[in-house]
Amino acid sequence: MWFWLALIALLCWSGSDLFSKIGCRDPRDPYSHLKMVMAVGAVMGLHACFEIFVGGVEINLGIILTYLPVSILYILSMALGYLGLRYIELSVSSPICNSSGALVAVLTLIFVGAEDYSPLALFAVALVCAGAIGLGVVDSVEDEALRLERQKAGNYKYAKSWLALALPVAYCVLDAAGTFADNRVLETLSEDSANVAYELTFLFAAAVCFVYTVVIKKDRLIPRMEAPKYIGAVCETAGQFAYIYAIADTEHLAMSAPIISSYCAASVLWSRIFLREKLSWKHYAMILLIVAGIAIMGVFDL
């Protein structure tokens with residue numbers, strides 16, 4: 001069962017990447033990232049209600065406030081990630097965002113020490129860091145004529161921009177900070193209660209975005225434009241659900257973790273097939289480093 005759950009998590013999270021990209025890439029919609037937050041918050045809010053009223057998960061204001069700093073880091077990182085999808089290919093954005101695991105390891109090395117890390121695990125961290133930095137360098141120095149040439153097959157054109165790379169990097173940093181803080185906060189909270197607190201906070205963020213976007217700015221919600229966002233939101237929540245149960249099988253964690261953590265490779269594949277994104281061989285070489293490092297780190301996620 002662990003294998004199918006891990007595969008479901010991989011497919012759902014890579015599907016979330018794909019549909020989030022489709023829902024956020026239109027440059028004519030300045031609030032697409034806020035609408036994506038609304039979609040994810042709505043779906044997570046429904047799941048939180050199910051967990052509370054059906055699953056009996058304990059939740060109160062104290063738990064929500066205790067987990068609030070972690071929730072803010074996660075939600076802010078996702079909002080910036082959605083904004084970044086407007087300016088850069090998913091093939092580039094997803095591997096950079098998924099490098100947050102390596103950044104967590106770096107933070108752990110700095111503040112905790114390297115005693116618990118094997119040489120292979122440290123090598124994996126180095127691979128991901130080198131790949132993420134290299135991906136940014138390759139994308140920033142690419143000749144503009146070559147960039148336009150390889151983008152001819154796609155429906156969207158992306159120019160070199162510091163913002164295009166800064167946003168997924170910001171996601172990576174904030175998500176890593178959230179994960180690092182998460183590890184500390186969960187010493188005092190149960191995982192189920194923390195997850196529900198996160199989902200309820202996301203629901204509140206969605207309500208704030210709704211008031212700002214629809215009530216204050218009077219922007220319209222067009223069903224056919226919003227549909228991909230909600231499909232992505234369902235994929236995100238379903239992936240999280242499958243992930244929790246997949247890693248609960250500790251006997252097979254060394255096999256399930258690398259499968260799940262390599263979902264950005266599937267995101268790159270979907271972007272090539274469905275979005276017709278095409279990168280240079282240098283981009284793919286850097287992505288390969290990142291995926292290899294993430295897969296190795298997954299083995300050591302014990």
Side-chain angles (χ1 to χ4, degrees), residues 13-40 73-100 103 131-176 205 209 212-213 217 219 222 225-226 228-229 231-233 236 263-264 267-280 282-284 286-287 290:
W13 276 345
S14 62
S16 177
D17 274 357
L18 174 64
F19 286 105
S20 297
K21 173 64 175 177
I22 294 173
C24 295
R25 64 180 176 175
D26 191 344
R28 296 170 298 179
D29 184 0
Y31 307 113
S32 60
H33 58 298
L34 299 181
K35 294 174 184 175
M36 190 69 216
V37 171
M38 289 161 53
V40 176
L73 287 170
Y74 281 148
I75 294 169
L76 184 57
S77 70
M78 291 181 70
L80 291 177
Y82 296 141
L83 178 60
L85 291 174
R86 190 184 306 166
Y87 303 104
I88 196 170
E89 292 99 329
L90 176 61
S91 306
V92 177
S93 175
S94 183
I96 292 177
C97 290
N98 279 278
S99 300
S100 59
L103 190 53
I133 295 171
L135 193 57
V137 171
V138 167
D139 197 68
S140 63
V141 302
E142 184 180 25
D143 182 79
E144 192 63 32
L146 293 176
R147 181 189 298 271
L148 293 175
E149 182 65 25
R150 68 175 174 78
Q151 289 179 355
K152 280 184 178 180
N155 297 320
Y156 288 82
K157 305 293 182 287
Y158 302 93
K160 282 190 290 189
S161 165
W162 70 268
L163 187 62
L165 289 172
L167 288 170
V169 168
Y171 171 99
C172 177
V173 172
L174 289 172
D175 186 68
C209 289
Y212 177 78
T213 304
K217 291 298 183 180
D219 195 70
I222 303 172
M225 298 290 289
E226 302 308 307
K229 298 183 180 69
I231 296 174
E236 177 70 28
Y263 78 87
C264 65
S267 299
V268 173
L269 178 62
W270 305 149
S271 66
R272 184 69 181 90
I273 295 173
F274 297 108
L275 304 179
R276 294 190 291 178
E277 293 181 357
K278 186 178 180 181
L279 303 179
S280 69
K282 295 178 181 178
H283 284 92
Y284 287 120
M286 295 302 104
I287 290 171
I290 294 172

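Position 1 is the first residue of the sequence, and the numbers go up from there. As the structure is a prediction and not an experimental result, all values here were calculated from the model.
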Hey, does [Y] have a side-chain heavy atom less than 4.5 Å from the side chain of [X]?
{"X": "Asp26", "Y": "Ser32", "result": "no"}
{"X": "Trp270", "Y": "Leu90", "result": "no"}
{"X": "Asp219", "Y": "Asp29", "result": "yes"}

For Lys35, which of Ile222, Thr213, Val40 qualifies under side-chain contact (heavy atoms from CB on, under 4.5 Å)?
-> Thr213

So, for [X] and [Y], which heavy atoms are closest and what is the spacing to 0.1 Å?
{"X": "Lys21", "Y": "Leu275", "result": "CG-CD1, 3.5 Å"}
{"X": "Cys24", "Y": "Met36", "result": "SG-CB, 3.7 Å"}
{"X": "Ser93", "Y": "Ile88", "result": "CB-CG2, 3.7 Å"}

Would Leu165 and Ile96 count as a side-chain contact (heavy atoms from CB on, under 4.5 Å) if you check the C-alpha gap in whole Å, the side-chain angles of each, and the deciding distance to 0.1 Å?
-> CA-CA 9 Å; Leu165 289 172; Ile96 292 177; 4.1 Å; yes

Mind checking what makes side-chain hydrogen bond (donor to acceptor under 3.5 Å, both in side chains) contact with Ser91, not counting sequence neighbours?
-> Ser271, Glu277

Listed pairs under 3.5 Å, donor-acceptor, residues 166-174 side chains, sequence neighbours left out:
none

Tyr284 vs Arg272, side-chain contact (heavy atoms from CB on, under 4.5 Å): CA-CA, chis, key distance, verdict | CA-CA 12 Å; Tyr284 287 120; Arg272 184 69 181 90; 3.6 Å; yes

Without swapping roles, check the side chain of Ser16 against the backbone of Gly232 for a donor-acceptor pair under 3.5 Å.
->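 Judged by distance alone, yes, a pair lies under 3.5 Å.
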
Using the six-membered ring wherever Trp is involved, compare the ring planes of Trp13 and Tyr263 and label them parallel, tilted or perpendicular (cut-offs 30° and 60°).
->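 Geometry flag for Tyr263 against Trp13: tilted rings.
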
Report, one line per pair, each donor and acceptor closer than 3.5 Å where one atom sits in a side chain of residues 76-85; sequence neighbours left out.
residue: Ser77; atom: OG; partner: Leu73; partner atom: O; Å: 3.3
residue: Ser77; atom: OG; partner: Tyr74; partner atom: O; Å: 2.6

